[in-house]
Amino acid sequence: MEAALAPEQIAEVAKGNVQSIASEPIPTNSESDEDMPLSQRALKVQKQAPAVNGNAKRQRVNYKDSSDSEDDMPLKDKIVPPRAAALQGSKRKPESRSDPAHDKKRRKTQSQPANGASTAARKKPGPQSGEKRWSKLCHSGVLFPPEYEAHGIQMLYEGKPVDLTPEQEEVATMFAVMKETDYMKHERFLRNFWDAFKPILGKGHVIRDLKKCDFSPIYEHHMAEREKKKAMPKEEKVALKAQKDADEAKYKVALVDGRQEQVGNFRVEPPGLFRGRGEHPKMGKLKKRVYPRDITINIGKGEPIPEHPFPGQKWKEVRHDNTVTWLAYWKDPISQNSFKYVWLAANSTFKSEGDLAKYEKARKLKYHIDDIRAAYEKDWKSKDPRARQMGVALYFIDKLALRAGHEKEEDEADTVGCASLKLENVELLEPETIRFDFLGKDSIRYENEVKVERKVFQLVKEFSTHDAHGNKKKNRDAQLFDTMDAQDLNRRVKELMDDLSVKVFRTYNASITLNRLLYESISEGSYSVDQRKADYDRANKEVAILCNHQRAVNKAHAGQMEKMQGKMQSLMEELHDLQADLKAARKSEKAGSADALQSRVEKKKQQIEKMELQAKVKEDLKTVALGTSKINYLDPRITVAWCKRNEVPIEKIFNKSLLSKFHWSMDVEPEFSF
DNA sequence: CCTTTTACTTAGAATGATTATA
DNA sequence: TATAATCATTCTAAGTAAAAGG
């Protein structure tokens, strides 16, 4: 049987040396790495001018220094300067959830097609609808976290040590190690934790009030252990690492139709306290340990069934479903109606094919976007209120790169996207500016003031005051779009282009923006590689802002900035002294030393300039995450082609894992335009 | 239809490793 | 040579959207 992997093969893959393995997967027309990649096959490349479109641009709000990004904006898109505001987590529990019943039952009031209901979308079986994804699949299943080992450290209750069973101690420790996190200040977290801890303590336990608990002995023990580990002699560390690698090696690879592929997340999630984002109703709940009996394995027929270290147990199920790409899944112990999956890694064929398809679909949108824009603008004037709402929603999705915004459950964080916007999320600023303020995915705040078409402004005003039946909307937490939801948007968009869905607009706008900015950028030729990279980063940043990709300000940020300022100060002083020396040397006409000083002055100046730029970029990017768009939204062929045109080594832009994830895009021709 | 289930992509924080700097 | 800053990787939560189910 060929399924088993030779150890040396495993080692290669485990090390991430997958180039040969990884490039192969795109088998259709390639025999070797050098062959024409899928990218080229798929695209009968049209060499067209860089796309320039009326793209959405937005001004970030939580961004102190707004001056720079504004001047290069087309006037039309300029946005009213925003009020300064703090980064995250506004307090915004809707006062009353007014009429939730109505909220849920809204929609469907009006019937069908908004306008010129073109050829209804044709079902093309995509890679999710029962199509065969593999013929042979072999892997080693999942790796379980080690069982809990009791440390025997006692916690204190009313100042006195308390004995805990290992089971109790495990949960106490989960809580103890979170001592320094913000969750400790979160009432809901504490309540949920207590509700989980109490039954584990059992009836009549001495511990009856969380407030009287002191977990710090456990916390300190945990920290001490950590220190110990850090202080371990080098050889021991190396040996430990080697052991770990060896234990994991077999889980890291899978064999798919004879190809070796890396597995992504082969580890079963260890138990812990749920760390939801934002105001998550379930934060602090105990996420229970997962066992083989909870896990369904997916594997090729006739392949050896993966083993597990729990003698009495069986896998929940073993399936041989070749229409899906997951290797295993289990029910998420926190939200009973969702699953955790084990998939192949980002560089696998499954994922690469998915990526390519995603970007090709977004590129296809380019040929339809004008018609689509015309269509939704026409809908603004429709007699059908549903069409009007849909038209405005699509405009937001296109211009602002908003997410679709599906309905959420009561037991999830209260966040919104386009379709689920509430009145309280939009403020009308006469004559034609809309101010958005809402918590989106991951409870990241989206704040933006956008100048919109007059008609859109009027429509949003209409939606803000009256529903589709002309009844007044009274509550701030009422739906802005009361006649439609995300599903309706997806259906609508399919009328406009086959297989189009709402999220494609984000990909499209992100990629086409990068493409345009890179073709517009002029620092070629005499500019240094670093300067050209800075160009790239600026474009990347613009996309990140468009997509609202944020990150928390690094805790040390302020201190680091101060330090830089201080350093700059002393550099300035040094420059000053040098300049004085130079002047003196000139006076005394010691030519040689003057020349030397002159060059030292120049050097110092450059040093200062570099530092200034560094400081500016750092401050600039303190809340902006560039990585997310690079990984998920920007067609790598744009980047690769730009690197080729500008003689920038691709490694400057893509790190090792991105290179591997995007191996399929590497031999795109330099003229590629998205 | 409308809701629920399933499968997949996208997301920021936390952690770990590497590099720059004092 | 330790410490700090930066960068890469891991982790798992939180979205989207299609299909299945009733």
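Chain letters run A, B, ... following the sequence lines, proteins first, then strands; residues in each count from 1.
Considering only side-chain N and O atoms, A/Lys503 lies nowhere under 4.0 angstrom from the phosphate OP1 or OP2 of C/dA17. Between A/Lys494 and C/dA18, a side-chain N or O to OP1/OP2 separation shorter than 4.0 Å is present. Phosphate contact (OP1/OP2 of B/dA11, side-chain N/O of A/Tyr633, threshold under 4.0 Å): present. Distances shorter than 4.0 Å separate some side-chain N or O of A/Ser501 from OP1 or OP2 on C/dA17. Between A/Thr325 and the phosphate of B/dC8, there is a side-chain N or O to OP1/OP2 separation shorter than 4.0 Å. The side chain of A/Arg403 places an N or O atom within less than 4.0 Å of a non-bridging phosphate oxygen (OP1 or OP2) of B/dA11. The phosphate of B/dG12 has OP1 or OP2 within less than 4.0 Å of a side-chain N or O from A/Thr628. For the OP1/OP2 pair of B/dA11 and a distance below 4.0 Å, the side-chain nitrogens and oxygens of A/Arg506 include at least one atom meeting the criterion. The phosphate of B/dA7 has neither OP1 nor OP2 within less than 4.0 Å of any side-chain N or O from A/Trp343.
Remark: P of B/dC8 and CD of A/Glu353 are 12 Å apart, rounded to the nearest angstrom. One atom, CG of A/Leu402, and another, C1' of C/dT16, lie 14 Å apart when rounded to the nearest Å. Between the NZ atom of A/Lys230 and the C1' atom of B/dG16 there is a distance of 11 Å, rounded to whole Å. In this entry the distance linking CG of A/Asn337 with C1' of C/dA19 reads 17 Å, nearest Å. Regarding A/Asp488, its CG atom lies at a distance of 15 Å from the C1' atom of C/dT16, rounded to whole Å. Rounded to a whole Å, the CE atom of A/Met283 is 14 Å from the P atom of B/dA13. Going from atom CG of A/Asp411 over to atom P of B/dT4 covers 12 Å, rounded to whole Å. If you measure from atom CZ of A/Arg319 to atom C1' of B/dA7, you get 11 Å, rounded to the nearest angstrom.
A/Thr415 comes within 4.0 angstrom of the backbone, heavy atoms only, and of no base. Within 4.0 Å (heavy atoms only), A/Gly627 reaches no atom of the nucleic acid at all. As judged by a 4.0 angstrom heavy-atom cut-off over every strand, A/Gly272 is placed among residues making no nucleic acid contact.
When distances run from any side-chain atom of A/Lys408 to the nucleotides B/dA11, B/dC8, C/dG15, the shortest one goes to C/dG15. When distances are taken from the side chain of A/His549 to each of C/dT16, B/dT9, B/dA11, the shortest belongs to B/dA11. Of the candidates B/dT15, B/dA11, B/dT6, B/dT15 carries the atom nearest the A/Arg226 side chain, counting heavy atoms from C-beta on. The side chain of A/Asn490 lies closest to C/dA18 when the candidates are B/dT10, B/dT5, C/dA18. Nearest to the side-chain atoms of A/Lys567 among the listed nucleotides B/dA7, C/dG15, B/dT21 stands B/dT21.
Annotation: cation-pi pair A/Lys351/A/Trp343 present, NZ/CZ under 6.0 Å from the ring centroid and within 45° of its normal. For the pair A/Lys179 and A/Tyr219, the cation-pi criterion (under 6.0 Å, within 45° of the ring axis) is fulfilled. For A/Arg133 and A/Phe350, the positive end sits near the middle of the six-membered ring, less than 6.0 Å away and at most 45° from its axis.
Under 3.5 Å, the side chains of A/Ser335 and A/Asn337 contain no donor-acceptor pair of N or O atoms.
With respect to A/Glu360 and A/Arg637, a salt bridge is recorded, a charged nitrogen being found less than 4.0 Å from a carboxylate O. Of the charged side-chain nitrogens involved, at least one lies within less than 4.0 Å of a carboxylate oxygen, so that A/Lys541 and A/Asp620 count as a salt-bridged pair.
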Evaluate side chain to side chain donor-acceptor pair (under 3.5 Å) for A/Lys618 paired with A/Gln560, printing each intermediate quantity in order. CA-CA 10 Å; A/Lys618 188 181 168 75; A/Gln560 290 169 347; 2.7 Å; yes

What verdict does the salt bridge (charged side-chain N to carboxylate O under 4.0 Å, His left out) test give for A/Lys185 and A/Asp182, after you've listed the backbone C-alpha separation in whole Å, the side-chain angles of each residue and the deciding distance to 0.1 Å? CA-CA 6 Å; A/Lys185 299 175 205 144; A/Asp182 286 347; 3.2 Å; yes

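Closest non-hydrogen pair, A/Phe505 versus A/Ile372, comes out as CZ-CG2, 4.2 Å.
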Just by protein heavy atoms under 4.0 Å, how would nucleotides 3-13 of chain C read 5' to 3' in B, S and -? -SSS-SS-SSS

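Nucleotides of DNA chain B nearest to A/Val324 and A/Lys229 differ in position, and the one nearer the 5' end is that of A/Val324.
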